[in-house]
There are 4 protein chains.
Amino acid sequence: MTARDDTTAAMPTGMSGPCFASDNYAGAHPSVLAALARANVGPARAYGEDDITRAARERIVAELGHGAEPFFVFLGTAANVLSLAAMTRPHHAVLCAETAHINVDECGAPEKHLGAKLYSVSTPDGKLTPELLRPLLVHKGNEHHNQPRAISIAQCTELGTLYAPDEVRALADFAHENGMFLHMDGARLANAAAALGLTLRQASSDLGVDALSLGGTKNGLMFGEAVVFFRPEFAAEFPYIRKQALQLCSKMRFIAAQFLALLEGGLWRENASHANAMATLLAQRLAGAPGVVIDQQPQTNAVFVQLPAAALDRLHERFAFYTWDFERNVARFMTSFATTPDEVETFAAAVRAIAGEETAKA
Amino acid sequence: MTARDDTTAAMPTGMSGPCFASDNYAGAHPSVLAALARANVGPARAYGEDDITRAARERIVAELGHGAEPFFVFLGTAANVLSLAAMTRPHHAVLCAETAHINVDECGAPEKHLGAKLYSVSTPDGKLTPELLRPLLVHKGNEHHNQPRAISIAQCTELGTLYAPDEVRALADFAHENGMFLHMDGARLANAAAALGLTLRQASSDLGVDALSLGGTKNGLMFGEAVVFFRPEFAAEFPYIRKQALQLCSKMRFIAAQFLALLEGGLWRENASHANAMATLLAQRLAGAPGVVIDQQPQTNAVFVQLPAAALDRLHERFAFYTWDFERNVARFMTSFATTPDEVETFAAAVRAIAGEETAKA
Amino acid sequence: MTARDDTTAAMPTGMSGPCFASDNYAGAHPSVLAALARANVGPARAYGEDDITRAARERIVAELGHGAEPFFVFLGTAANVLSLAAMTRPHHAVLCAETAHINVDECGAPEKHLGAKLYSVSTPDGKLTPELLRPLLVHKGNEHHNQPRAISIAQCTELGTLYAPDEVRALADFAHENGMFLHMDGARLANAAAALGLTLRQASSDLGVDALSLGGTKNGLMFGEAVVFFRPEFAAEFPYIRKQALQLCSKMRFIAAQFLALLEGGLWRENASHANAMATLLAQRLAGAPGVVIDQQPQTNAVFVQLPAAALDRLHERFAFYTWDFERNVARFMTSFATTPDEVETFAAAVRAIAGEETAKA
Amino acid sequence: MTARDDTTAAMPTGMSGPCFASDNYAGAHPSVLAALARANVGPARAYGEDDITRAARERIVAELGHGAEPFFVFLGTAANVLSLAAMTRPHHAVLCAETAHINVDECGAPEKHLGAKLYSVSTPDGKLTPELLRPLLVHKGNEHHNQPRAISIAQCTELGTLYAPDEVRALADFAHENGMFLHMDGARLANAAAALGLTLRQASSDLGVDALSLGGTKNGLMFGEAVVFFRPEFAAEFPYIRKQALQLCSKMRFIAAQFLALLEGGLWRENASHANAMATLLAQRLAGAPGVVIDQQPQTNAVFVQLPAAALDRLHERFAFYTWDFERNVARFMTSFATTPDEVETFAAAVRAIAGEETAKA
């Protein structure tokens with residue numbers, strides 16, 4: 001069993017030093033805060049009928065391509081669940097990785113809201129492939145079984161790994177050939193696109209994705225995500241689905257203004273690239289140190305590191321991070337837009353020192 | 001049929017003059033915005049395990065009394081639905097007024113989330129009484145019918161009317177005597193408490209309320225509401241209900257900081273009293289004008305006014321407000337913390353002039 | 001408040017005399033029992049892949065017209081809920097009479113299963129009209145409100161009243177003109193068709209009905225109803241909906257055999273006509289008796305009669321029937337295929353005698 | 001991937017010879033049919049308020065022990081789902097084997113009705129153990145994860161295997177120690193109890209089971225199962241849950257009469273023992289034949305046999321049975337109360353002959 005971001009048992013305790021717990025431990029980017037202040041002038045129509053929301057929706061269309069249909073919601077779990085709600089009915093199944101956020105970390109919100117079943121498969125790296133999924137189609141047409149209707153992938157994945165563009169395209173083709181749709185959980189799409197050198201469009205709609213959870217919170221927003229559909233039939237009834245699912249923000253300009261700040265001038269890429277770079281830097285600083293094994297090189301903004309158990313305990317006293325795998329003593333160190341090189345250096349030095357000491361003891 | 005806040009057909013069109021559409025057309029109070037900026041320093045534990053959230057929860061307990069169990073959520077519809085989710089199972093019924101927000105304005109979110117049925121009754125003024133509710137208990141113990149389990153009232157009501165404290169108490173007693181619980185939709189509890197000269201506690205928990213939707217957005221927050229339970233059994237499993245219902249905010253300090261700003265120093269009362277006073281002023285300015293009939297004197301921050309149909313049309317060109325009852329040509333003029341006396345005077349003058357002209361024509 | 005078939009409070013107590021409680025108090029018709037015995041020979045494929053089920057489905061198509069798509073389920077509540085499940089999503093609304101079985105007598109099964117909201121209207125006689133329904137469309141296109149998607153009528157109604165064919169047709173046209181579908185709860189369609197002198201097809205599909213709950217249990221079956229769709233898009237995914245909703249009978253031949261017995265040789269009409277005739281006879285025998293007021297002449301197999309309260313009490317000691325309206329002392333006397341003329345005479349004599357005595361006392 | 005009873009792809013095709021497809025391919029036992037005819041005399045109160053239902057419920061209490069609370073439902077999937085509905089809320093999890101009927105063969109009915117998540121584990125033989133389940137408790141108390149609330153086991157399992165009494169007891173203890181309840185899917189409990197030489201009570205309530213799906217259909221009933229609770233808190237609200245879940249039979253005496261027939265005079269054990277014996281006989285007749293590998297010795301009424309692929313094809317032309325595992329060419333031969341020794345001999349001879357021929361060819 002692995003521990004996750006949000007496992008109470010593994011909750012980061014030390015907050016005295018720099019924080020490598022999660023990108024949602026960071027606050028809002030200063031530009032985002034400034035945009036909120038600018039948006040707070042006079043009254044505005046509620047529920048998204050205001051000018052800022054219109055501008056932000058147009059901006060997302062500009063980023064993701066003609067035909068994109070964006071809708072703002074409050075949080076990432078909602079973006080995922082509502083994307084899938086537009087695609088499925090209760091007798092359908094959603095295909096996902098065993099480690100998917102929708103399968104593990106959402107307290108069963110998908111099952112509760114969709115009424116549908118998740119068919120999950122074990123993966124080596126958090127990534128799905130047509131080969132892994134094909135056996136899940138065996139009961140197509142059989143009334144005793146939920147019918148596969150959506151494939152849900154995360155880019156980057158919960159393990160920090162990346163799909164290559166043609167891997168996403170292959171999943172989209174597989175979905176469409178089999179009467180299914182492809183959903184992308186893009187809570188960290190910015191990190192993925194930055195790492196791959198792609199635009200948001202090249203990383204999603206251009207690859208055949210049918211619905212996208214476009215993340216904001218983990219990349220510097222105070223709150224707010226977007227659901228973006230690339231098929232008009234999903235968008236048509238979505239306003240009702242969103243309202244009924246408790247995700248229609250009355251003062252919506254305040255989500256929209258944040259997205260405008262993130263997308264204008266490429267702040268999304270700047271933030272994500274910085275977070276990715278900080279993870280890379282951390283991995284470099286830790287590489288080769290006695291007692292430190294880089295379990296997985298960072299592809300985006302997380303480094304997975306194996307350490308002596310005692311070292312983990314000592315580090316937890318001062319620093320916030322998650323033990324990811326208790327059996328193997330693997331920690332996840334996660335960076336954000338707000339992580340500084342100094343914080344990386346401080347933390348890396350501490351990890352090296354403590355790991356070295358504990359290794360020497362053993 | 002009446003039109004509501006949120007009816008597209010009746011959506012305010014003119015935004016060139018002062019806005020009397022709804023208290024959710026206002027932005028965030030400057031103190032709230034300042035609090036958000038102050039909260040945006042460094043990392044903080046996610047999901048409410050941070051110091052600001054702790055302080056805000058303690059502050060709510062201080063306001064509402066020992067034993068209060070507050071939980072932050074994103075929006076008012078969620079506060080209502082989740083309060084009821086803690087109290088009911090799908091075979092239960094929620095008793096409410098026909099005009100209740102949960103019955104009319106939430107796109108069926110209660111039915112979808114609870115699986116339960118709403119039993120609604122017609123009321124003269126949006127207010128429930130034990131007498132109105134008693135007939136709904138006729139099928140108690142009969143397996144063919146949803147079993148009454150919760151009474152949900154709004155204080156103030158959707159019609160701007162107020163329950164006197166002993167009226168709330170009577171409903172609480174009636175609920176408890178019949179194996180039910182009392183939920184209060186307090187989206188505008190501040191306006192009610194201010195109008196009645198009560199503390200928040202005197203207006204809710206002291207009267208036997210079991211669960212409270214404590215409003216924030218309509219009283220000057222950017223976003224954020226609280227669910228407050230006064231029975232520990234509802235609080236015990238609520239964290240799971242909240243997460244599953246898409247209402248667990250990751251950067252929760254930003255909701256909490258707003259509530260702190262609202263509750264500290266009595267800003268909640270100041271804002272609400274101001275809004276109420278502006279409605280009273282408006283009613284005074286309109287009283288007795290030709291063509292203007294005050295349909296309902298403001299008890300809180302809304303004035304319902306009957307005007308010539310043509311006057312409504314002309315006013316809609318310049319001002320944002322809702323036509324509430326198309327058959328009787330009744331408009332709702334709603335004030336907020338942000339409404340200024342000047343805006344009231346400007347608007348009142350326009351209403352008097354136009355109503356007078358149209359009356360003269362007729 | 002009225003009491004219903006199934007109200008414990010009003011449950012028939014006396015079972016020593018003939019039974020006029022409900023058509024589901026009757027057992028199975030002898031021909032139906034014989035058909036069950038004939039079907040019980042050797043093994044047969046489960047889940048409806050057997051020859052008897054095939055024959056019964058073909059027989060229903062023969063009765064209801066080419067394009068009919070029948071599916072067997074266990075009970076009438078399921079036939080209603082599943083018909084509507086095929087037509088709606090949770091953000092939709094089902095329009096029905098306030099007195100509809102789906103609104104009053106199904107313990108909220110529609111809300112639980114559909115997640116949708118019922119919009120009910122008060123009617124004088126249990127019958128909907130386009131005029132009564134039109135105001136319910138006022139919020140079409142407004143995301144804050146469930147969107148009207150299905151109209152559900154009962155033929156005959158729960159009050160024993162009948163829609164004329166052109167009244168059904170008008171509702172079907174109204175539904176289709178407004179993007180909705182028409183569902184007919186035909187738990188007693190046989191009684192209605194018999195009373196109107198129509199075939200089952202003339203009484204349903206020919207009038208524009210999109211989905212039909214075709215009753216069996218109340219007309220002489222041991223158990224079993226059918227959902228019949230007249231649009232292929234509803235049938236396509238229905239097998240999964242049925243299985244998921246706990247309505248796929250493994251030994252389905254035993255439902256099918258009963259339907260064959262009911263439909264072959266016109267037993268359905270014979271049973272229903274007999275029940276109707278017994279209600280007419282009872283009304284004739286009661287007409288004009290002192291203390292007896294025929295509250296509603298039987299159109300099908302129920303007579304509603306106003307009696308002195310004390311007479312109701314005394315009758316309840318010996319006979320099974322329901323007090324329908326406690327305020328007005330109205331009883332419902334319901335006949336079935338199994339009611340005999342002798343039972344009617346015995347019961348009518350008792351009602352006349354007791355009503356006469358109590359009237360004399362008063 | 002394995003194929004199941006109900007996989008269309010693997011549906012038995014040949015029905016010309018004896019049937020070894022499933023125990024739900026059999027009809028009703030003659031005594032059951034006779035009981036239905038006896039019950040069909042005169043009217044009876046609907047919805048279970050009749051004398052036969054009362055007697056049948058008392059009979060079940062007599063079998064299962066004081067405190068048992070039985071409720072009749074239509075089918076096995078419903079018995080499972082409703083048992084679990086009484087125990088869980090949507091934020092809970094149900095722990096089961098990967099191969100469990102509730103996980104694989106119910107078209108997601110548990111997720112749809114409960115709103116909860118199933119946590120399934122891989123097992124060698126379809127049987128759960130505390131050791132297998134313990135890792136699923138890792139997220140107890142963490143709001144991001146469904147909370148374990150029920151363990152569901154099948155006795156006998158879907159693979160025909162049996163829990164020893166102390167294995168069930170160990171699971172009950174494990175459940176109770178961890179704030180959970182134990183549900184037993186007893187669709188074939190009779191076969192298990194017969195095989196183990198236990199009474200129904202010794203096989204269920206005596207072992208700490210909290211809720212039991214007591215099977216009828218697979219052991220000679222025409223239709224009908226029972227949910228039996230051993231905790232009064234589950235029974236208290238169950239009538240509403242049953243009605244709302246479309247499982248309240250109006251002419252309930254006809255389910256009850258069948259159960260009386262099955263339980264009186266020990267017909268349940270007779271039927272089940274006979275089915276078990278026929279499976280044993282079949283295994284004996286096949287043992288050692290060329291090309292025939294007994295993949296799993298029958299513990300109850302199923303034999304799993306590995307055969308040459310071509311032999312499977314040829315046998316399918318004449319006999320009804322399921323290919324269980326296409327990869328390994330394993331067939332499931334299932335017997336029922338209606339299987340005769342002659343049928344076993346005929347079938348065994350055919351299997352031996354064809355397997356032998358195909359083996360010789362290869």
Side-chain angles (χ1 to χ4, degrees), chain C residues 5-6 8 11-12 15 18-19 21-22 24-28 30 32-33 36-37 39-47 49-50 73-78 81-82 106-109 111-113 217-218 221-223 239-251 253-255 320 336 338, chain D residues 5-6 8 11-12 15 18-19 21-22 24-28 30 32-33 36-37 39-47 49-50 73-78 81-82 106-109 111-113 217-218 221-223 239-251 253-255 320 336 338:
Chain C
D5 270 57
D6 25 47
T8 300
M11 187 177 300
M15 292 287 290
C19 171
S22 178
N24 63 26
Y25 274 53
V32 166
L33 199 66
L36 285 171
N40 192 32
V41 176
R45 289 205 182 88
Y47 303 117
E49 300 292 329
D50 64 283
V73 298
F74 284 103
L75 74 170
T77 293
V81 171
L82 272 66
E106 300 185 349
C107 198
E111 285 89 346
K112 171 71 166 71
H113 287 261
T217 311
K218 287 177 177 2
L221 297 201
M222 182 179 285
F223 70 105
Y240 309 103
I241 292 175
R242 177 174 61 175
K243 171 65 188 177
Q244 196 179 50
L246 314 174
Q247 293 297 317
L248 180 61
C249 182
S250 61
K251 299 183 178 178
R253 58 173 147 165
F254 292 115
I255 300 182
S336 79
Chain D
D5 269 56
D6 27 46
T8 300
M11 185 177 300
M15 293 286 289
C19 172
S22 178
N24 64 25
Y25 274 53
V32 167
L33 198 67
L36 285 171
N40 192 31
V41 175
R45 287 205 182 88
Y47 303 116
E49 299 293 328
D50 65 282
V73 297
F74 284 103
L75 73 171
T77 294
V81 171
L82 271 66
E106 300 185 349
C107 198
E111 286 89 346
K112 171 71 168 71
H113 287 262
T217 311
K218 288 178 178 359
L221 299 200
M222 182 180 285
F223 70 105
Y240 309 103
I241 292 174
R242 177 174 61 174
K243 171 65 188 178
Q244 196 179 50
L246 314 174
Q247 292 298 317
L248 179 61
C249 182
S250 60
K251 300 183 176 177
R253 57 172 147 166
F254 292 114
I255 299 181
S336 79

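Chain identifiers are assigned alphabetically (A, B, ...) following the order of the sequence lines, protein sequences preceding nucleic acid strands; residue numbering begins at 1 within each chain.
Proximity to chain D involves both the backbone and the side chain of C/A78, based on heavy atoms less than 4.5 angstrom apart. Proximity to chain C (any heavy atom under 4.5 Å) is restricted, for D/F254, to the side chain, taken from C-beta onward. With a threshold of 4.5 angstrom between heavy atoms, C/F223 approaches chain D through side-chain atoms but not through N, CA, C or O. For D/A28, the parts lying under 4.5 angstrom from a heavy atom of chain C are both the backbone and the side chain.
Side-chain atoms of D/C249 and C/F74, non-hydrogen and from C-beta on, never get closer than 4.5 Å to each other. Looking only at side-chain heavy atoms (C-beta outward), D/T77 and C/K243 come within less than 4.5 Å of each other. A heavy-atom distance below 4.5 Å is not found between the side chains of D/H113 and D/L82.
Among D/V41, D/L36, D/I255, the residue with the largest count of heavy-atom pairs under 4.5 Å with chain C is D/L36. Ranking D/A338, D/A26, D/P18 against chain C, the residue ahead of the rest is D/A26, based on heavy-atom pairs under 4.5 Å. Interface remark: of the candidates C/C19, C/G42, C/A44, C/S250, C/A44 forms the most heavy-atom pairs closer than 4.5 Å to chain D. Among D/L221, D/L75, D/L248, the residue with the largest count of heavy-atom pairs under 4.5 Å with chain C is D/L75.
Taking the side-chain hydrogen bond (donor to acceptor under 3.5 Å, both in side chains) definition, one finds that D/E111 meets it with A/K117, sequence neighbours left out.
Checked by atom type and distance alone, the side chain of D/K251 pairs as donor or acceptor with a backbone atom of C/G27 at under 3.5 Å.
In this structure, the separation between OG1 on C/T217 and CG on C/N24 is 8.0 Å, given to the nearest 0.5 Å.
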